[in-house]
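The block underneath contains the structure these notes are about, expressed in C-alpha cells.
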Amino acid sequence: MGKNYYSAVMVAGLTGFAMGSTSNAMANMNSVTEKYVYSRTAFFIVPIVGSLFIDFINIGIIYGFISFLS
C-alpha cells in the first residue's frame, strides 16, 4: 500500500476488518482520522473491498466447501 499516511489509515481499516466486519474497519479508520487528517482514499477503498469483493470471494469458498462435503 505504500509508506504514507493514506496507507497507514488503510492498515487501520484492515485491522478493523480482521476483527470482524467492515463497520469495525470504518470505526478504526475514523478514530485515526479524528486525531490527524481525513483520508478520502482510505474511506473509498476499504469499504468497497471489504463489503463487495470479499462477499464474492466468500460465496466461492462456501460453495467449494459444500461441494467438498457432499
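Everything quoted here is computed from the prediction, not taken from an experiment. Sequential numbering from 1 along the given sequence is applied to the chain's residues.
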According to ring-ring contact (aromatic ring centres under 6.0 Å, His included), does anything in residues 8-52 pair up with another residue at least two apart or in another chain? List the pairs. Y38-F43
With sequence neighbours left out, the residues meeting side-chain hydrogen bond (donor to acceptor under 3.5 Å, both in side chains) with T15 are none
Within one Ile-Leu-Val-Met-Phe-Trp-Tyr cluster: Y6 and M26, side-chain cutoff 4.5 Å: yes
Between CG of L52 and CD1 of I57, what distance do you get to the nearest 0.5 Å? 10.0 Å
Taking side chain to side chain contact (heavy atoms under 4.5 Å, CB included) as the test, write out the residues that go with V46, two or more places apart. M10, A25, M29
Other than Y63, which residues form its hydrophobic cluster under the rule that side-chain heavy atoms must be closer than 4.5 Å? none
Hydrophobic cluster mates of F68, side-chain heavy atoms under 4.5 angstrom, ILVMFWY only, any path? L69
Min side-chain heavy-atom separation T41-Y5 under 4.5 Å: no
To the nearest 0.5 Å, what is the distance between CD1 (I45) and OG (S7)? 11.0 Å
Mind checking side chain to side chain contact (heavy atoms under 4.5 Å, CB included) for S51 and listing every partner two or more places apart, or none if nothing turns up? T22
Looking at A42 and V9, what are the two nearest heavy atoms and their distance? CB-CG1, 3.5 Å
From I66 atom CD1 to I61 atom CD1, the distance as rounded to the nearest 0.5 Å: 12.0 Å
Is there a continuous path of hydrophobic side-chain contacts, each under 4.5 Å between heavy atoms, that joins F56 to V49? yes
